[in-house]
Engineer: 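Take this structure, written in structure tokens, and hold onto it; I'll ask about it next.
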Amino acid sequence: MREHFEVRDTDAGGRIGTLTVPRAETTVETPALLPVINPNIDTISPRRLAEEFGAEILITNSYIVHSTDRLREQALEDGLHELLDFPGAIMTDSGSFQLSEYGEIDVTTEEILEFQYEIGSDIATPVDIPTPPDVSRERAETELETTQERLEVAEDIETGEMLTTAPIQGSTYPELREKAARHATATSHDVLPVGAVVPLMNDYRYAEMVDVVAAAKRGLGADAPVHLFGAGHPMMFALGVALGCDLFDSAAYALYARDDRYLTESGTRHLEDLEYLPCSCPVCTTHTPDELRALSDDEREKELAAHNLHVTFAELRRIKQAIRAGRLLELLDQRARAHPTMLEGYRTLLEYATQLERTDPVSKGTFFYTSHESARRPEVVRHHQRLERLSTPETLFLTEGQPAGSDEFDASWRVEPPFGPFPRALSKSYPFTAELPDRTDRTALEAAAEGVRRLVEAHPESDVTLGHRGWPRGVLEIVPPSVSLVDLTVPTQ
Ligand code: GUN
Ligand code: ZN
């Protein structure tokens, strides 16, 4: 049991939860964004993050504090909260990122964890090894073993009320990620980050990121708070949340601002290319693009960073509202249009529909069919599984729309894309109240035909007739040959 985390609401793999951070005497609502603060660079002050942006938690790097004399001494003397002037919870990273960039760092897990404790961190991180994608399996395994040993060492360090994290590594090997997640779950650490996904995201390899996170999630208990390390672009939050990640950290808001890059929830724009500002945040309502361009480098960086943060926090609020309303997958469906690789990530997520189905609520508002990807949502998968358990009469008529001339059958069920067959009594329950465009697409028909197949194969004793409205031959080929077909669009004599 991870006693510091409570899930209140779920939608697909996503959840709204509460992380209790005892050392900060506070709670953090998840999904949460942790702005990254570089203690040496003051783009937006931590105080402003709390007061203007409502940040409840931030993340900074204890290794940078440790290796800078002035910061180390001040942090040891006054504590991290005073050093940064931040009233909320502070998570610290360990220098693992520096390790992956420069090949070595000069602290051990014991030293840096003790240091994080001494300076008053609320959530601390051991020195895991962020194994990059595509390395040999042997290297991934060896480095994972080292990470796991360090997580075990970290368990024995006196950390009081401070929470600790157990990063999950394993490169691009799903089995290693799942194994790493099981190991991390069995430790006493509180927060479980999925590590070393930054290179995947930098290269737009969202499908593989989904594979990696889905594998980690299989090895984690449902009660584990999951951090997606280094995921800071608002375009991909919906995807990360739908996979079951609860914490995100963003250096992107500041790094992008430095290069005149303007974040939106559907991608990055360059300030140079903007004739209009597609945003209503305080920065964008008080400046034109020309006015932003005319600012000094420092001023422009600050204003862009502020805009980037506004967009980032707004997207998280939108995601939380979508979870509350049961519309997370509709939101993700929109976000997936930002870039073909995001669409690839979304389609990959839908390949894990059975895995997502476990946390997906049985009933929500209304299922909106907004793209052919909708035909692969967990609700469809769940219904298809359930078809195998429903009992069927000796003779059964399945028909699109209203029953017509079905008197000679024991029962008449509806069959609707994308779900397939269901008893009429369920017509008013979720998800069968779904709204679809009248111009159905092929994927929805194929999913319906797949449903017919599942039903018939599970009930070979029933005699099934399908009344369809002009389904194409290729779709009808999915239906087993034992089913009698009636095309309802062909007038009968
Ligand atoms: N920041 C981005 N990726 C990682 C990671 O894999 N481990 C740690 N500790 N920090 C990170
Ligand atoms: Zn703005």
Side-chain angles (χ1 to χ4, degrees), residues 34 36 38 52-53 59-64 91-101 105 107 109 112-113 116 121 123-133 135 140 143-144 146-147 150-151 154 164-172 177 180-181 184 189 191-202 209 212-213 216 226-234 240 245 247-253 255-257 261-265 268-269 271 274 276-289 291-292 300 302-315:
L34 291 68
V36 175
N38 181 329
E52 190 178 326
F53 297 88
I59 182 167
T60 192
N61 195 325
S62 67
Y63 181 71
I64 295 178
M91 174 170 170
T92 41
D93 205 346
S94 56
S96 289
F97 183 71
Q98 282 70 15
L99 175 70
S100 67
E101 289 285 293
I105 55 172
V107 290
T109 279
I112 200 70
L113 258 189
Q116 292 173 75
S121 171
I123 307 175
T125 309
V127 187
D128 55 307
I129 302 181
T131 309
V135 302
E143 293 187 356
L144 179 57
T146 307
T147 293
R150 293 178 184 179
L151 295 182
T164 51
T165 75
I168 295 159
Q169 300 293 345
S171 184
T172 23
R177 291 282 186 169
H189 299 297
V191 173
L192 303 172
V194 179
V197 287
V198 172
L200 292 176
M201 291 185 293
N202 285 348
M209 184 206 78
V212 157
V213 176
V226 180
H227 183 137
L228 192 59
F229 253 140
H233 198 302
C245 299
L247 302 166
F248 299 85
D249 62 276
S250 172
Y253 78 93
L255 295 177
Y256 283 49
R261 284 184 292 170
Y262 179 100
L263 296 182
T264 84
E265 55 287 322
T268 311
R269 313 280 176 261
L271 179 59
L274 289 175
Y276 304 92
L277 298 176
C279 172
S280 323
C281 84
V283 177
C284 298
T285 47
T286 55
H287 295 84
T288 65
E291 285 165 356
L292 285 176
R300 198 172 62 252
K302 271 197 202 321
E303 295 297 340
L304 282 177
H307 156 80
N308 289 346
L309 269 179
H310 278 297
V311 177
T312 300
F313 279 108
E315 178 67 356

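Every number for a ligand or one of its atoms is a count from 1 in the order of the listing.
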Engineer: Does Pro167 have a heavy atom less than 4.0 Å from any atom of ligand 1?
Structural biologist: no
Engineer: Starting from atom 11 (C) of ligand 1, what is the nearest protein heavy atom, named by residue and atom, and what distance separates them?
Structural biologist: Asp93 OD2, 3.5 Å
Engineer: Can you tell me how far CE of Met91 sits from OG1 of Thr125, rounded to the nearest 0.5 angstrom?
Structural biologist: 4.0 Å
Engineer: State the CG-OG1 distance between Leu151 and Thr164, to the nearest 0.5 angstrom.
Structural biologist: 9.0 Å
Engineer: Can you find a side-chain donor-acceptor pair between Thr92 and Ser121 that sits under 3.5 Å?
Structural biologist: yes
Engineer: Are His310 and Cys279 close enough that some pair of their side-chain heavy atoms sits under 4.5 Å apart?
Structural biologist: no
Engineer: Would you please classify the geometry between the His233 ring and the Tyr256 ring as parallel, tilted or perpendicular, with 30° and 60° separating the classes?
Structural biologist: perpendicular
Engineer: Hey, is Asp128 touching ligand 1 through its side chain, its backbone, both or neither, going by heavy atoms under 4.0 Å?
Structural biologist: side chain
Engineer: Out of the N/O/S atoms in His307, what is the name of the one closest to the Zn ion (ligand 2)?
Structural biologist: ND1
Engineer: Checking side-chain polar atoms at under 3.5 Å, does Thr147 have a donor or acceptor matched by the opposite partner on Gln169?
Structural biologist: no
Engineer: What residue and atom, counting heavy atoms only, is the protein's closest point to atom 3 (N) of ligand 1, and at what distance?
Structural biologist: Phe229 CB, 3.6 Å
Engineer: Does any N/O atom on Gly230 come nearer than 3.5 Å to any N/O atom on ligand 1?
Structural biologist: no
Engineer: How many degrees, to 10°, between Cys279 SG and Cys284 SG as seen from the Zn ion (ligand 2)?
Structural biologist: 110°
Engineer: So with a 6.0 Å cut-off around CZ of Phe97, is the heavy-atom count from everything else above 12?
Structural biologist: no
Engineer: Compute the shortest N/O to N/O distance between Thr125 and ligand 1 and return yes if it is under 3.5 Å, no if not.
Structural biologist: no
Engineer: Under a 4.0 angstrom heavy-atom cut-off, which atoms of ligand 1 come close to Ala196?
Structural biologist: 3 (N), 5 (C), 6 (O)
